[in-house]
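Notes follow the structure.
Quick caveat: nothing in here was measured; it's all calculated off a predicted structure.
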Amino acid sequence: MQFPQALETVLQNLERMRDENSRRPCASRTVLDALKQISSPRKIEIMEGDALSSPKNNLDAEPPSRDYGAASSVAPPKTEKTGKLAAVRTRVCACIKCPNLASSRTQTVFGVGNPDAEIMFVGEAPGADEDKQGEPFVGRAGQLLTKIIKAMGFPREEVYIANVLKCRPDVPAGSFGNRPPTPREMQTCRPYLMEQIDIIRPKVIVALGAVAVEGLLGTRAPMRELRGRWDSFNGTPLMITYHPAYLLRNQSPSEKRKVWEDMMLVLERLAKPISEKQRNYFL
Ligand code: URA
């Protein structure tokens, strides 16, 4: 097991012990001393480096750390974002915070797309297809989302796509369909999504459906009241629209048009040109 995974497992077990109040965690003096030796993130980075390179070389190679906080206008380079996303993905892969999901999933479904994306789409949770393939939005709803993205003028690879939950919500063996994530599952998984957003720093987030809104903003309301207007997620403009699965259930052109109007607002916000043909889609 890699070091970050091992650390994540230890932390998760400690958190579970605390939540369940079952027993007090204890560690021997030797273990505590060993943990103290590696407790700074700096040392952890060195430990994660190539085993053949000396700590000195690692230190030499590392760029000076910069403040990329919300107020900063300096965007981290793409390679740095890729590395940071990979580190979060590693922790997600090893996550067992929801034991029922950890044991039922085929794999975690982290997210896909351009770390420098201007738009980030956030859905609910992986379905059966996503659980099988390890990529969000690859089933029927995903294919429709891909069509919407293309109609906006982007290849799918240029945006970033993620879900509130990184595991497929478990369903009883032999049953079909999906179940919505529970509030507790969403709360547990939310920090990973926050990290993804923090790293990617998209110009616009699109929340797909009421569950995504609940996961991001913690609010519940009917979609007809939420969609089609600008909201904000920690300062990033947030557009709320219907989940593509809703459009598969309600095939009427008027509902498709609503989603399309929401997407045109996104394009306008990003100062992207909208052709006459695009303006008339679903009319
Ligand atoms: N629905 C979602 O919300 N996410 C997926 O990844 C697939 C379907």
Side-chain angles (χ1 to χ4, degrees), residues 68-76 78 81 111-124 136-137 141-164 193-194 196-248 250-283:
Y68 297 126
S72 165
S73 59
V74 189
K78 189 172 182 178
K81 289 184 174 186
V112 70
N114 180 2
D116 262 340
E118 289 185 299
I119 312 179
M120 180 163 175
F121 290 87
V122 177
E124 177 176 323
F137 283 100
Q143 284 157 24
L144 180 52
L145 176 65
T146 304
K147 275 190 195 166
I148 294 169
I149 293 166
K150 286 191 176 148
M152 292 171 79
F154 298 102
R156 178 175 156 107
E157 305 73 52
E158 203 172 312
V159 303
Y160 197 88
I161 308 173
N163 283 308
V164 173
L193 179 63
M194 302 277 290
Q196 287 174 300
I197 294 171
D198 238 35
I199 295 166
I200 294 163
R201 298 214 285 160
K203 290 188 179 151
V204 170
I205 299 171
V206 178
L208 300 165
V211 173
V213 176
E214 193 180 341
L216 284 163
L217 301 179
T219 49
R220 272 186 205 211
M223 277 302 290
R224 63 177 179 283
E225 287 169 21
L226 293 172
R227 64 146 284 273
R229 57 183 176 78
W230 287 106
D231 229 296
S232 165
F233 178 77
N234 290 347
T236 304
L238 174 73
M239 174 54 63
I240 299 168
T241 197
Y242 288 122
H243 193 286
Y246 168 81
L247 293 183
L248 291 174
N250 297 269
Q251 297 268 356
S252 82
S254 66
E255 297 309 276
K256 288 183 188 161
R257 176 70 192 177
K258 284 178 193 161
V259 171
W260 184 242
E261 281 173 3
D262 300 343
M263 294 306 101
M264 282 199 287
L265 289 176
V266 170
L267 290 174
E268 276 163 11
R269 183 96 190 200
L270 295 172
K272 302 285 178 199
I274 305 175
S275 68
E276 205 46 38
K277 190 173 163 201
Q278 278 175 311
R279 286 203 186 276
N280 291 329
Y281 281 165
F282 308 113
L283 275 183

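Distance check: Leu217 CG to Asn234 CG gives 9.0 Å after rounding to the nearest 0.5 Å. In this structure, CD in Gln196 is found 5.0 Å from CE in Met120, a value given to the nearest 0.5 Å. Note that CE of Met264 is 8.5 Å distant from CG of Leu267, once rounded to the nearest 0.5 Å. One finds the CD1 atom of Ile119 at 10.5 Å from the CD1 atom of Ile161 (value rounded to the nearest 0.5 Å). Taking CG of Leu238 as the reference point, atom CZ of Arg229 lies at 9.5 Å (rounded to 0.5 Å). Rounded to the nearest 0.5 angstrom, Leu247 CG and Lys147 NZ are separated by 11.5 Å.
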Hey, mind stepping through Thr241 and Val266 against side chain to side chain contact (heavy atoms under 4.5 Å, CB included) and telling me if it holds? CA-CA 11 Å; Thr241 197; Val266 170; over 6 Å; no

Please determine whether side chain to side chain contact (heavy atoms under 4.5 Å, CB included) holds for the pair Thr236 and Arg201, giving the CA-CA distance in whole Å, both sets of side-chain angles, and the decisive distance to 0.1 Å. CA-CA 8 Å; Thr236 304; Arg201 298 214 285 160; over 6 Å; no

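Pairs engaging residues 202-243 under the ring pair (Phe, Tyr, Trp, His ring centres under 6.0 Å) rule: Phe137-His243, Tyr242-Tyr246 [sequence neighbours left out]. Under the salt bridge (Lys or Arg N to Asp or Glu O under 4.0 Å) criterion, the residue pairs touching residues 273-283 are Glu268-Arg279, with sequence neighbours excluded.
Gly111 and Pro136 make their closest contact through CA-CG, 3.9 Å (heavy atoms, listed as atom of the first residue, atom of the second, distance). Pairing each heavy atom of Leu193 with each of Ala162, the nearest pair is CD1-CB, 4.3 Å. Summarising the geometry of Pro155 relative to Ile149, their closest heavy-atom pair is O-CG2, 4.1 Å, with the distance given to 0.1 Å.
In terms of the side-chain hydrogen bond (donor to acceptor under 3.5 Å, both in side chains) criterion, residue partners of Arg156 (sequence neighbours excluded) are, by chain and number, Glu135, Thr146. Partners of Glu261 by salt bridge (charged side-chain N to carboxylate O under 4.0 Å, His left out), not counting sequence neighbours, listed by chain and number: Arg257. With sequence neighbours left out, the salt bridge (charged side-chain N to carboxylate O under 4.0 Å, His left out) criterion links Lys258 to Glu255.
Contact annotation: the side chain of Trp260 approaches that of Met152 to within less than 4.5 Å [non-hydrogen atoms, C-beta and beyond].
Judged by distance alone, the side chain of Asn250 and the main-chain N or O of Ser252 form no donor-acceptor pair under 3.5 Å. Checking side-chain atoms of Gln278 against main-chain N and O of Ala151 turns up a donor-acceptor pair under 3.5 Å. Checking side-chain atoms of Asn114 against main-chain N and O of Val159 turns up no donor-acceptor pair under 3.5 Å.
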What pairs of donor and acceptor atoms, side-chain ones from residues 203-214 against any protein atom, are under 3.5 angstrom apart with sequence neighbours left out?
residue, atom, partner, partner atom, Å
Lys203, NZ, Glu118, OE2, 2.8
Glu214, OE1, Arg220, NE, 3.3
Glu214, OE2, Arg220, NE, 3.1
Glu214, OE2, Arg220, NH2, 3.3

